[in-house]
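Shown next, in C-alpha cells, is the structure this report addresses.
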Amino acid sequence: MALDASKPPKPTKKPSGPKPSKRNTNPGVRVVGGRIYDSSNGKCCHQCRQKTMDFVASCKAMKNNKQCKLNFCHTCLLNRYGERAQEVATLNDWHCPKCRGLCNCSFCRKERGLNPTGILSHKAKASGLSSVSELLQVVGDDSFAYSKKAKLLFHFSIFSLQDVRDLSFKFFFLYVAKENSKAAGKIKKAKATNEVKEEEIQIEVKLPIGISLTNVSGIDIPSEETGNVLQFLEFCSAFGEALDLKEGQAESIVSEFFSCGRSTRRQQYCCVIPMMIQLLELISHDRDMSLSLSETDSTWFSALGECLLQSGVLSDVFPPETFTSGVSEYKKMDASTRLKLLNFLCDESLSTLAMRNFIETKSVESEAQRREAKEKAAAAKEKEKQLRQQMQGDLVKAHMEKNGAPLSIEEHQAILSQIKAEVKEAHDKMLEAKGMISRKRQRCDAAGTDPILLNDDGLVLWKLKCFEDEPKFLLQDLGTFGDLSPHEKWLAFKPEQKQEVEKYVSAKG
C-alpha cells in the first residue's frame, strides 16, 4: 500500500460558535461530604479556597484602617493550625494566621519562597501532633514539597509531505517510536529532577517511665514474683469457667501465698492444695490414671512428683527425691516455690481433652459473636449514613427557605440537635460493633493472650484481663542478652501516663 501524497487531506470543519466551558463557574448549592457548597452566598476560606456555608472565623486585624477580609473555615483552622473557629470567633482581637505570618496555604508559602505542603493533617495526627502548623515547627518549613505528577503524553513529530514520501512506512513508524521514547525520557528526567523525595518523618516517641509492679488486685507481692502471679491470675481469668472457680478465688490463693502470719501456712494448706488436687485429677483422668487424692495424706504430693517426672520440666528445681519424703517437703517450701508448682499444673492441664474442648467451644462462640458484630456494624453504618443524608437534606432545606442567606450559629445548631442524638447513637453502635470485631480477631481469651507490642530491646507491652488498674497497660522488661539479672521486671503506669503510652503504641504499631 503506497502513500498518496498528490491529494492533501481535506481540512476538517471546526464547529462555529464559542467553545463550551468545561467548568461550571456557578454550580449553585451542593452538599458534598456533609458540607454545603454555595457559590453565591457561601464564604470563601483562605486556606482551602472553597465557598461553603460552614462556620468560619473572620479576621479582626486592621490594616490601613480597614479590617482584614480573610476567613478560615472551622475544618482548616483546626487541622492546619490547631485552633477552634467557635472559640476564636468570640475574640475581638483575633488575627488570622496570614496576619500573624503563620499561614501555610500554598499561595502564602509560595510568596515566602517555599513549596506547597499538600495534605499533611493525617501525617500530623499520626505523629501525635495537633496540627500541620505544629508539624512544620517540629520538622522544619522546608521538609515538605508537593508537586503534581507529570503526565506522560505521546509525542508525534510533524513531517512534511516530502518527508513522508522519502520514508517507508516501516522506517516512519520506527522514527516516530524513537521520538516518542526521547520525549518520554525527557519527561521522566524532568520529573526525577523536580520531584522532592519526602523522607519519613521520624518523630521520636518515648515510652513513659513505669513504676515497679509490686501490688496486684490489692495484694502486695515481691517484685521478682510478679510474672508468676500474673501468669496464674491470667490462667484463672481464661479458664475459671472450665474449672468452676468462684469469684475472687484466684486472688484469695495469691493473697494466702504472700500473706504473713502463722495462719498463712494453715490457709495455704486448706486453699492452695485443693486447687492443685483439682488440676491433678483433671490431668490423671485424661491419662487414664485412677487416682484417689486426699488433702490429709501424701497421695496428692506423690502424684504431683510423678506428673513432674513425666513432663521432664523443672527437674533442676524439683529433683525426684523431693517427692519421696511426703508432705513434709512441701511444708518446707517457700511461697515462690509453691507458686511454681501451681503454675506447672496449670500449664499441664491445658493439654487435656477437657481443656482443649473448652478452648474449641469458646473459639466457635467467639467466631459467632464476631459475625454477629460484623452484621451489627454494617447495619449501624447504613443507619448512620441515612441519618447523615437526612441531616444534609434538613440543612439544605433550611438554607433554601432563607433564600440562600447564611444560617446563624443558633439556627445551624438547632437543626443539628434534632438529629444529632440519633446519629451519635448509630455511630456509637457501629464503633462498639467494630471494637468487638477487632477484639475477636485477637483470638478468644481461652486461646491465649497476645502482647500489644514486642520490641527488639526486650520490652513487651501487655493488656491482661486479670489486671484492671488504669491505664491497664503493663510493661515486661526481659532485659538484654548481656543482662546478668536473673529476674524479669514488670512495670505499671500511672493513669495520667495513658495518653503517652497510647501515642507510643500508635507510633510503633
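Just so it is clear, the values below take in all heavy atoms, side chains as well, and ignore hydrogens, waters and symmetry mates.
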**Message:** Val132 vs Asn79, test: side-chain contact (heavy atoms from CB on, under 4.5 Å). Steps then yes/no.
**Reply:** CA-CA 7 Å; Val132 174; Asn79 292 337; 5.7 Å; no

**Message:** Heavy-atom count check: over 12 atoms from other residues, nucleotides or ligands less than 6.0 Å from Arg84 CZ?
**Reply:** no

**Residue pair Leu136 / Phe144: nearest heavy atoms and the distance that separates them** = CD2-CD1, 3.6 Å

**Message:** For Glu502, give me all partners under side-chain contact (heavy atoms from CB on, under 4.5 Å), at least two apart in sequence or on another chain.
**Reply:** Phe473, Lys498

**Request:** For the residue pair Ile221 and Thr226, establish whether any side-chain heavy-atom pair is separated by less than 4.5 Å.
**Result:** yes

**Request:** Answer whether the closest heavy-atom distance between the side chains of Leu230 and Leu474 falls below 4.5 Å.
**Result:** yes

**Item:** side-chain contact (heavy atoms from CB on, under 4.5 Å) against His74, all qualifying residues, sequence neighbours excluded
**Value:** Asp54, Phe55, Ala85

**Message:** Would you compute the distance between atom NZ of Lys98 and atom CG of Leu102 and round it to the nearest 0.5 angstrom?
**Reply:** 11.5 Å

**Item:** From Arg371 atom CZ to Ser366 atom OG, the distance as rounded to the nearest 0.5 Å
**Value:** 10.0 Å

**Any side-chain heavy-atom pair of Asn71 and Cys45 under 4.5 Å** = no

**Message:** Working note: Cys99 + Lys63, criterion side-chain contact (heavy atoms from CB on, under 4.5 Å); need CA distance, chi angles, decisive distance, verdict.
**Reply:** CA-CA 9 Å; Cys99 291; Lys63 291 183 178 181; 3.7 Å; yes

**Ring-face cation contact, Phe107 with Arg49, 6.0 Å cut, 45° max** = yes

**Item:** More than 12 heavy atoms of other groups within 6.0 Å of Glu247 CD
**Value:** no

**Request:** Tell me, yes or no, whether the heavy-atom count around Gln67 atom CD, taken from other residues, nucleotides or ligands under 6.0 Å, exceeds 12.
**Result:** yes

**Request:** Could you list the residues that satisfy side-chain contact (heavy atoms from CB on, under 4.5 Å) with Lys472, not counting sequence neighbours?
**Result:** Lys463, Glu468, Glu470

**Request:** Supply the atom-to-atom distance Tyr81 OH to Ser131 OG, rounded to the nearest 0.5 angstrom.
**Result:** 9.5 Å

**Message:** Are there over 12 heavy-atom neighbours, none belonging to Ile119, within less than 6.0 Å of that residue's CD1?
**Reply:** no

**Message:** When you compare the side chain of Leu207 with that of Gln497, does any pair of heavy atoms fall below 4.5 Å?
**Reply:** no

**Complete:** To the nearest 0.5 Å, atom CG of Leu213 lies from atom CZ of Phe493 at 10.5 Å

**Message:** If you define the side chain from C-beta out and look only at heavy atoms, does anything of Lys60 sit under 4.5 Å from Asp93?
**Reply:** no

**Fill in**
For Leu464 and Glu234, the nearest pair of non-hydrogen atoms, with its separation, is CB-OE1, 3.4 Å

**Prompt:** So, Asn215 side chain and Gly218 main chain: donor-acceptor pair closer than 3.5 Å or not?
**Reply:** yes

**Prompt:** Given side chains that start at C-beta, do those of Val216 and Glu251 come closer than 4.5 Å, heavy atoms only?
**Reply:** no

**Prompt:** In terms of the angle between their ring planes, are Phe358 and Phe239 parallel, tilted or perpendicular, with boundaries placed at 30° and 60°?
**Reply:** tilted

**Request:** List the steps, then state whether side-chain contact (heavy atoms from CB on, under 4.5 Å) holds for Glu83 with Phe72.
**Result:** CA-CA 10 Å; Glu83 300 180 35; Phe72 283 78; over 6 Å; no

**Request:** Return the minimal non-hydrogen interatomic distance between Met355 and Leu243, and the atom names on each side.
**Result:** CE-CD2, 3.8 Å

**For the student: nearest non-hydrogen atoms of Lys508 and Val205, plus distance** = CE-O, 4.4 Å

**Prompt:** Can you tell me how far CG of Leu70 sits from SG of Cys44, rounded to the nearest 0.5 angstrom?
**Reply:** 9.5 Å

**Prompt:** Under 3.5 Å, is there a donor-acceptor pair between the side chain of Ser127 and the main chain of Lys123?
**Reply:** yes

**Asked** Can you check whether Asn104's main-chain N or O pairs, donor with acceptor, with Arg109's side chain at less than 3.5 Å?
**Response** no

**Prompt:** Just wondering, more than 12 heavy atoms not from Ile211 lying within 6.0 Å of its CD1?
**Reply:** yes

**salt_bridge(Glu367, Arg370) N-O dist < 4.0 Å** = yes

**Request:** Step by step, work out the side-chain contact (heavy atoms from CB on, under 4.5 Å) result for Val501 and Leu461.
**Result:** CA-CA 10 Å; Val501 178; Leu461 202 62; 4.1 Å; yes

**Request:** Quick one: closest heavy-atom pair of Phe235 and Leu350, and the distance?
**Result:** CE1-CD2, 3.7 Å

**Item:** Distance, nearest 0.5 Å, that separates NZ of Lys503 from NZ of Lys206
**Value:** 15.0 Å

**Request:** Any chance you could lay out the salt bridge (charged side-chain N to carboxylate O under 4.0 Å, His left out) test for Lys362 and Glu365, step after step, and finish with the verdict?
**Result:** CA-CA 5 Å; Lys362 288 298 178 182; Glu365 291 177 0; 3.5 Å; yes

**Item:** His46 side chain near Pro97 side chain, heavy-atom distance below 4.5 Å
**Value:** no

**Asked** Where is the tightest heavy-atom contact between Arg80 and Thr117, given as atom of each residue plus distance?
**Response** NH2-OG1, 3.0 Å

**Heavy-atom side-chain contact between Gln47 and Cys103 under 4.5 Å** = yes

